[in-house]
Each structure stands twice: as C-alpha cells, then as structure tokens.
Amino acid sequence: MKTDRQRKQTRSLLLKSPLQTRAELASAMQAALVEKFQREIPPVEVLPSRNLSFGDLACNSAMPLAGNLKRNPREIAKVMAEAISNKFPQLETVSVDGPGFLNITLSGEYLAEFTAAAASEGISQFIPADGKGKTALVEFVSSNPTGPLTVGHCRQAVLGDAISRLLEAAGWTVQREYYFNDAGRQMDKLAESLAARYRNLLGGSMEIPEGGYQGEYIKSWAEDLRKDKGDQLKWPEQKDLFRDYAGNRAFVLISDDLKLLGITFDRYFAESELIPDAVDAAIGLLEDKELVYKDSDDQRKLWLKLSEMGRPDDRVIRREDGTYTYRMPDIAYHLDKFQRKYDLMVDIFGSDHIDTCKDVETVLGVLLGKDRVSSSLRIILHQFVTLVRGGEKVKMSTRAGNFVTLRDLVNEVGSADVVRYLFLTRRAEAHMDFDLEVAAAENDENPVFYVQYAFARIAGILRKTTEMESQIVSDPARLLSLLTGERERDLMRLLETIPLRVSAAATALEPHRIPDLLAEVARAFHGFYQHHRVIDPENDQLTAARLTLCMAVRSTLNDMLTILGVRAPEKM
RNA sequence: GCCCCUGUAGCUCAGUAGGAUAGAGCGGCGGUUUCCUAAACCGUAGGCCACACGUUCGAAUCGUGUCAGGGGCGCCA
C-alpha cells in the first residue's frame with residue numbers, strides 16, 4: 001500500500017485531466033511543427049477518435065497543413081508523432097495512418113489512474129470549469145399567468161432547467177428567471193373571464209369576452225371566489241379584485257405544475273416592474289437614436305423603425321391608449337438584464353417567437369453594440385411537440401378547454417423522470433413526436449429505465465459490500481493488472497471521454513447530448529456486468545478492482561442524471 | 001408571398017466548427033438465467049444520409065437550387 005504522499009506524487013506525474021492531456025499533446029505537436037518548418041502553424045487539434053478501433057484520440061491537422069507547407073501530409077504527421085511518442089506517460093501508442101491521420105492510444109496506467117480518481121472523488125472535478133467565477137441568467141417558461149402550463153411549456157421547462165444544470169456542471173453560477181406579462185391586456189381578459197364565470201354561478205348572464213379564457217379551471221376559481229368573498233362582487237367596478245384574484249390563482253397553478261417536474265425559479269420578473277420607468281427610459285434611448293416615429297393619424301401611437309435596422313416591417317410599440325405592445329417591455333426587460341451584467345444570458349422560447357426575438361435582438365444590437373449582444377445573449381428556439389398515442393396524433397388545440405396540459409402529460413406518463421428524459425433526448429430545434437404509450441410503458445421500450453437500471457445494479461452490488469470506500473484501488477498499476485478484460489478497458493476509455501463531452505454539451509447549450517452519453521455508459525456497464533462477476537469471494541483483490549470501476553461508473557451516471565434532473569434510483 | 005426548423009435503417013432519433021468502414025434504441029430473426037436485479041446480455045439482418053449541381057485531397061456535414069413535412073408571419077403574448 002502506498003502512503004498518501006506517494007500516491008499524490010504518482011498522480012502529479014501521471015494523472016493530468018483529460019483536458020490537460022489533450023492540450024499538452026496539441027501544443028507539443030504544434031511546437032515541433034514550428035521548429036521543423038520554421039513558420040507559423042495554426043493550433044493543432046486533438047480530437048476523440050470517431051472510431052475506437054483507430055485509437056482513443058486522433059489528429060488530422062496534417063492534412064489541411066499539407067497544402068500550405070507543400071509537403072506530404074504523412075510526412076507532417078510523422079513530425080507530429082515524433083514530438084509526442086514516448087514523451088508522455090499518458091500515451092501507449094502513436095501512429096500515422098491512412099492519408100495522414102495521427103492515431104493515439106492512451107496508456108492503461110493513465111486510464112486506471114483516472115478511473116481510481118473518478119471512483120474516489122467523482123468525475124465532476126474533471127469537467128473543465130469554463131464558467132468558474134462567471135454568472136449566467138437563463139430565462140425560460142415565461143408563460144403568462146392566465147392558466148395551466150401546456151405540453152409546449154413542459155418541453156421548455158425541462159429544456160431550460162437542463163441547460164441551467166449543464167452550465168452549473170461547467171462551473172457557472174446560474175440564475176433561473178421567469179418573466180411574465182402582468183400589465184398587458186391578457187390579464188384584463190382573464191379578469192373578465194373570471195367575472196363571467198362568477199356571475200354565471202349566481203345565475204346572471206355574462207359572456208366570456210372575445211379572446212377570453214374558457215378553461216374549466218376558471219369555473220373552480222369562481223366557486224372559490226364566491227366562497228371567499230360572497231355574492232356581492234361587482235363587475236366592472238371591482239375589476240382589480242377579479243384581476244388580482246385570477247392572477248394569484250394562475251400563479252399557484254403554474255408553480256404547482258412546475259413542482260411536478262421539480263423545477264423552481266430564482267426570480268419571477270413582472271412586466272409591471274418595468275412600467276413606466278424602465279420602458280420610458282428605453283423609449284428615450286430609441287428616440288435619441290431616432291429609431292421611433294409618431295403615427296400620422298394619432299400622435300400618441302408610436303412606431304419602431306425596424307425596417308431601417310434590417311428587419312422586414314416597422315412595428316407599433318405604443319398604442320393610442322398609451323399601453324405598450326409586447327415588444328416594448330421585452331426590449332426594456334432585456335436592457336435590464338444587460339444592466340445586471342451577466343456573463344451569459346440564455347433565452348428559451350418556442351419557435352413561434354422567432355420574429356419578435358429577432359426584432360428584440362436587432363434593437364439590442366443597435367442600442368448596445370452588436371458584438372456585446374452576440375457574445376453574451378444566446379437565444380434558443382425550440383420546436384413544438386406532437387403528442388402521439390399508439391401511432392395516432394393527439395389533437396392539441398390552444399382553443400378553449402381542448403389542450404393538453406403539462407399536468408395531464410405528467411400524470412398520464414406517471415413519472416417526471418420519464419418526461420424529463422424523453423424531452424431531452426431530442427435537440428431543441430427538432431420537431432418532436434412524444435409517444436405517450438412508450439413514455440408510460442415500464443418496460444425495455446423505455447430508454448430511461450435502461451440508464452437508471454445500470455445505476456440501480458451498481459447500487460445493488462455496493463449494498464452487498466461493506467466499507468466500499470476503503471476498497472477502492474488507488475494504485476493504478478495494480479488496478480490495471482487486475483482489470484484486464486476488453487470490456488473493462490473499454491469502460492475505462494469511455495469514462496475518460498465523458499468530462500470533455502459534457503463540457504462540449506455545455507458550451508453548445510445542448511443538453512440532448514447527455515442522454516446519448518448516459519446510454520453509452522449504461523450500455524458499456526451492462527455488458528461488463530453480464531460478463532464479469534464483480535463480487536468474487538475467492539478473490540478480494542479482483543473484487544476491489546472491479547468495485548473501483550463500478551464506483552467510477554456510478555459517479556459518472558449520477559452526475560449526468562443530475563444534469564438532466566432525473567433521479568438515480570438505488571433500487572428498481 | 002416572406003421567414004424559421006426539419007428530411008439519415010421498418011419506427012423514433014443521434015452524428016453537421018468537413019476526415020478514414022454512417023451510429024443507437026425500439027421493432028425483426030436466432031441465442032443466453034443453479035451465480036451481485038433478464039428493466040439485462042450476445043449474435044444477425046436492415047442505409048444512393050430527400051434529390052441535383054458546386055466547393056474540397058476528402059461532403060450526411062459547407063454553398064446554390066429543387067422537392068416534401070412542420071411552424072410562424074397581430075396595435076396577442
């Protein structure tokens with residue numbers, strides 16, 4: 001047994017993070033090329049091999065360089081190979097193949113050491129902390145408080161939360177924000193709809209207004225309102241009371257819906273906070289740049305000169321009655337965000353927002369500078385969800401009463417884990433068919449269970465052992481000598497790639513990559529499990545080594561499930 | 001008419017800052033359990049990456065065009 005001090009020494013010699021390893025290889029190769037050819041060389045890229053039979057890492061920089069240097073790409077690759085082979089303890093082999101590919105195999109010792117570290121300390125430490133010391137604001141859902149959340153909001157809620165968690169995994173400090181319009185006409189319609197239901201309860205006749213809300217939920221609010229306040233409420237005299245009551249009820253409804261998925265926000269930002277000061281200030285900025293003009297018929301009506309900023313049409317931003325259209329407070333809201341000085345702002349909207357998003361982004365670019373906006377604001381537009389039940393499309397109409405709510409969906413599927421996982425298996429900009437039967441099936445058709453089952457299997461093994469921490473094999477040479485199977489080695493190779501792939505997913509703001517990684521790890525683990533018995537009473541050494549590998553897998557699965565917000569179950 | 005997204009295996013989808021033989025799950029076919037959870041594993045079949053042209057040493061990936069599907073084009077949000 002090595003002492004802690006010795007172990008640390010070994011680690012400092014051998015265990016570099018996956019990122020460091022690749023960066024050192026790249027710069028050594030670049031330096032060698034500069035030395036050899038006596039000219040500037042663009043950075044060399046070390047990438048994961050597309051096909052593991054070629055090796056663990058690959059580099060194709062020799063080929064694009066061949067034209068510039070007027071050399072055979074294989075000759076260039078050879079220079080690069082010589083620069084690194086036998087110089088890095090993390091490497092096993094380096095070879096030049098095909099037209100000029102450089103293939104690199106990682107050493108068993110390095111992989112074993114990585115595995116041991118992952119087993120004892122987890123893998124999250126190896127995810128490059130790109131966001132360390134930086135703050136991000138993620139805005140999502142942002143549905144107006146007029147009724148329950150729909151399936152579309154559900155996708156957005158899950159997406160926004162996963163993006164937030166992914167950024168957190170990469171070291172960012174994330175604030176989740178929900179913006180809602182409480183000053184617009186929608187709230188008045190809602191109040192009037194409630195008043196109509198209230199009056200109907202009392203036998204009076206009052207129609208739900210044009211564009212109002214017909215959902216059954218408003219009937220129950222009306223009943224509650226009657227219980228609380230009696231029969232004597234007057235419309236429109238007590239309009240504010242109706243509006244506040246409806247708004248509050250809607251908010252409770254929405255936050256309950258979000259709770260079903262385990263999603264919470266750090267801040268709910270109300271449009272009314274921006275009116276009038278922030279909006280007036282924003283209009284002032286636009287006026288200074290002569291980007292607005294008054295309507296020829298009505299001086300109070302204000303237009304935004306979007307067509308002069310490269311957008312197709314000018315738009316009204318203030319109506320005759322002094323109220324604002326959607327775009328104006330949204331611009332003010334984003335100016336507020338920029339004033340709060342986040343390093344990154346992410347907006348998540350449904351694809352129906354495409355035009356307004358572009359308008360707002362364009363205006364921000366004019367007011368704040370295009371570079372500032374493009375470097376710190378990322379807008380993600382997700383496509384809609386089609387619900388399918390047994391091959392048949394489920395009709396979803398946003399018309400009154402006939403829409404599928406988030407709550408219905410979660411209840412029918414029966415599990416927030418499944419909803420989250422399945423929504424996150426497709427990229428945001430892809431249309432999604434969500435099959436309710438597959439989602440509700442508790443069998444092998446459901447990909448969530450495949451991953452969770454791998455975790456539960458490991459938990460089952462660990463329950464049968466005691467003092468598992470003390471059994472972790474931290475000496476890489478010993479670990480390597482015990483884990484000799486191909487599946488064991490492949491599993492270690494796979495685990496080593498995970499931190500950088502998680503990091504890449506975070507940079508791209510693409511949480512859909514995580515379910516793929518999870519399935520890959522689970523598959524490799526299930527294969528290993530089937531072919532190698534972990535607990536072998538006759539062989540303590542081997543048991544300890546395989547437990548170490550299991551612990552590393554466990555940590556990897558756990559960290560990635562956490563990013564998706566999906567439970568890692570001890571038992572299934 | 002204009003704008004956005006999509007078209008990859010029977011189905012649902014990954015893969016697109018160009019790279020070597022295009023991947024997975026489900027479904028199909030054939031196997032595996034005295035042993036840590038068979039919600040698992042192993043094997044096998046299945047593709048003109050919508051189509052055409054172009055750029056390139058090299059294209060599912062980039063460009064142009066065509067076709068097909070979804071969505072959006074309010075003084076709603």
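Throughout, protein chains are lettered first and strands after them, A, B, ... in sequence-line order, and every chain is numbered starting at 1.
Ring centroid separation for the pair F269(A) and Y333(A) comes in under the 6.0 Å cut-off. Taking the centre of each ring, F455(A) and F525(A) stay at or above the 6.0 Å mark.
Nearest nucleotide to the side chain of A58(A), out of A20(B), A39(B), G72(B): A20(B). With G15(B), G74(B), C42(B) as the choices, the nucleotide that has an atom nearest any side-chain atom of H512(A) turns out to be G15(B).
For H431(A) against C5(B), a side-chain-to-base donor-acceptor contact under 3.5 Å is present. In this model, a side-chain donor or acceptor of N103(A) finds a partner on the base of A20(B) within 3.5 Å.
As a whole-Å value, the separation of D490(A) CG from C42(B) P is 12 Å. The interatomic distance linking R427(A) (CZ) with G15(B) (P) rounds to 6 Å, in whole Å.
A close approach under 4.0 Å does occur between a side-chain nitrogen or oxygen of R50(A) and OP1 or OP2 of G19(B). Between R487(A) and the phosphate of C41(B), there is no side-chain N or O to OP1/OP2 separation shorter than 4.0 Å. Considering only side-chain N and O atoms, R533(A) lies nowhere under 4.0 angstrom from the phosphate OP1 or OP2 of C35(B). Contact between the side-chain N/O atoms of R457(A) and the OP1/OP2 oxygens of A38(B) is found at a separation under 4.0 Å.
In this structure, F384(A) forms no aromatic stack with the base of G71(B), since the conditions of centre separation below 5.5 Å and plane angle below 30° are not both met.
When the nearest nucleotides of RNA chain B are assigned to N51(A) and F180(A) by heavy-atom distance, the more 5′-ward of the two goes with N51(A). Heavy-atom distances to RNA chain B give each of R319(A) and F101(A) a nearest nucleotide, and the one nearer the 5′ end belongs to F101(A).
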